[in-house]
Amino acid sequence: MRLSRFFMPILKENPKEAEIVSHRLMLRSGMVRQQSQGIYSWLPMGKRVLDKVNKIIREEQNRSGAIELLMPTLQSAELWQESGRYDAYGKEMLRIKDRQERPMLYGPTNEEMVTDIFRSYVKSYKNLPLNLYHIQLKFRDEIRPRFGTMRSREFLMKDAYSFDLTKEGAEHSYRKMFAAYLRTFSRLGLRAIPMRADTGPIGGNLSHEFIILADTGESEVFCHKDFVDFDIPAEDTDFDNVAGMQSIFDKWTSVYAATSEMHDEAAFNAIPEGDRLSARGIEVGHIFYFGTKYSEPMGAKVQGPDGKEHVVHMGSYGIGPTRLVPAIIEASHDENGIIWPASVAPFDSVIINMKAGDEACDAASERLYAALGNAGQDVLYDDTDDRAGTKFAAADLIGVPVQVIVGPRSIANGEVELKDRKTGARETLTVEAALNKLTG
Ligand code: ATP
Ligand code: MG
């Protein structure tokens, strides 16, 4: 992508409305724009990152055996009357009427709808277990939307729903998602800690929130510091291995971790003082097992091996991609801007042509741009006629992992400079060597 043809509206001033660093950096780097309170457009730079986050989420959902579909944002109130949640949900639900005066709503979550899909098609235990997920916009009329897309009213959620014949089966499905979440957050460059959680309006009896530690987090959390060193399930993890899933779950729930709602002061104080971690955290995912809470009133049943009808056991599993993007920034930035983990960076590298219009600089930059692109990399080429200082500041701000700096002095010796955004380490190499290093 040539910057001169891209759309990257960088702000020079610090936006006053931004209270936390991720919100400030997302606005400054032109990733998002607020359209009305708590409702955002994702501008091209932000969209690139969001897509990469979603890709990782999808890959790990699919690896664990979940199947993607797409349900609509607008739902009929009737379904929610069946489960009893239409009245229970309260003001966070945006209620709408269509031209026939039929009550509709903008979905805050999809348990009812997916249960309806399930009951319409699945009639036998032979089709179980089943886990269906989608990545779709939700709307919750939050009383206090804030911190940009961290807590917005319209936001993206990956929500998965599992269906099993028995409670034991459902618990295995729960542990599969648990392991998939550990892998997902780790690939996003985050260390998320699963904490026993309250089940809230979704209801149910087994629930974990996945929390990343950050000073700006809204939740108060308490845990053992051993979590920092626990192993993440490997890529070749067998999600159908019941004992294997159990042992991952047992390991990750073996030491104390709880949010303030579930906090047990005595249990926490039993941890040696030096091993206690009391911090603030951001909830990036939340999983629930809730048995037959929706399947019972909505009549989601299958025929079991005994020939009788059984109400299915369900769980639901959420991740917030539009919250994850600022959460990653909270965890990875410095005073100059964002530092993207390579897995979600909007571009793999940025070529900074310090003197656009200079024959040697232009030729070397073009050569690098073409070669890196041909090697399958996502490259941003700053070919604008801004001053070099402005270009350096912009490159630091947008946080692309590698900067390839092409300046008139070094290019006279056939050399360019590589700068690692994270460490700040610089290295001077010939154009050839730089290409080998970046594509090797
Ligand atoms: P919170 O406690 O932060 O209000 P929640 O517990 O109501 O969130 P869940 O129903 O568990 O949220 O939703 C699953 C995931 O969706 C959350 O873990 C979070 O990542 C994301 N999410 C929920 N609400 C918002 C929001 N207002 N803005 C952005 N992401 C959200
Ligand atoms: Mg939650």
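Read the numbers this way: they start at 1 and go in the same order the structure lists the ligands and their atoms.
Residue T322 has no N or O atom closer than 3.5 Å to an N or O atom of ligand 1. Close N/O approach between T149 and ligand 1 is not found [any backbone or side-chain N/O within under 3.5 Å]. Polar contact check, V284 against ligand 1: a nitrogen or oxygen pair lies under 3.5 Å apart. Ligand 1 has a nitrogen or oxygen under 3.5 angstrom from a nitrogen or oxygen of G320. For the pair E283 and ligand 1, the shortest N or O to N or O distance falls below 3.5 Å.
With a 6.0 Å cutoff to the six-membered ring centre and a 45° limit on the axis angle, R140 does not count as a cation-pi contact of F155.
Remark: ligand 1 atoms within the under-4.0 Å shell around heavy atoms of H286 are 6 (O), 11 (O), 18 (O). Of all atoms in ligand 1, numbered sequentially from 1 with element shown, those under 4.0 Å from a heavy atom of S152 are 26 (C), 27 (N), 28 (N).
Between the side chains of S162 and Y317, at least one donor-acceptor pair of N or O atoms lies under 3.5 Å. In this model, no donor atom of one side chain and acceptor atom of the other lie less than 3.5 Å apart for S152 and E154. A side-chain donor-acceptor contact under 3.5 Å links Q35 and S41.
Contacts between R151 and ligand 1, counted as non-hydrogen atom pairs separated by less than 4.0 Å, involve both the backbone and the side chain. Contact annotation for M150 and ligand 1: only backbone heavy atoms (N, CA, C, O) come within less than 4.0 Å of the ligand. Contacts between M157 and ligand 1 below 4.0 angstrom, taking non-hydrogen atoms only, involve the side chain exclusively. Residue R153 does not touch ligand 1, judged by heavy-atom distances below 4.0 Å.
Annotation: angle subtended at the Mg ion (ligand 2) by H286 ND1 and E283 OE2 is 100°, to 10°.
Closest to atom 31 (C) of ligand 1 by heavy atom, among F210, Y40, F155, is F155.
For the side chain to side chain donor-acceptor pair (under 3.5 Å) with E218, the lone residue among R280, R146, R144 that qualifies is R146.
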* **Verdict with supporting geometry, H313 and S295, side chain to side chain donor-acceptor pair (under 3.5 Å)** => CA-CA 7 Å; H313 286 256; S295 46; over 6 Å; no
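If you take CD1 on I117 and CG on L132, they are separated by 7.5 Å, rounding to the nearest 0.5 Å.
A donor-acceptor distance shorter than 3.5 angstrom exists from the side chain of Q136 to the backbone of M71, with no hydrogens or angles considered.
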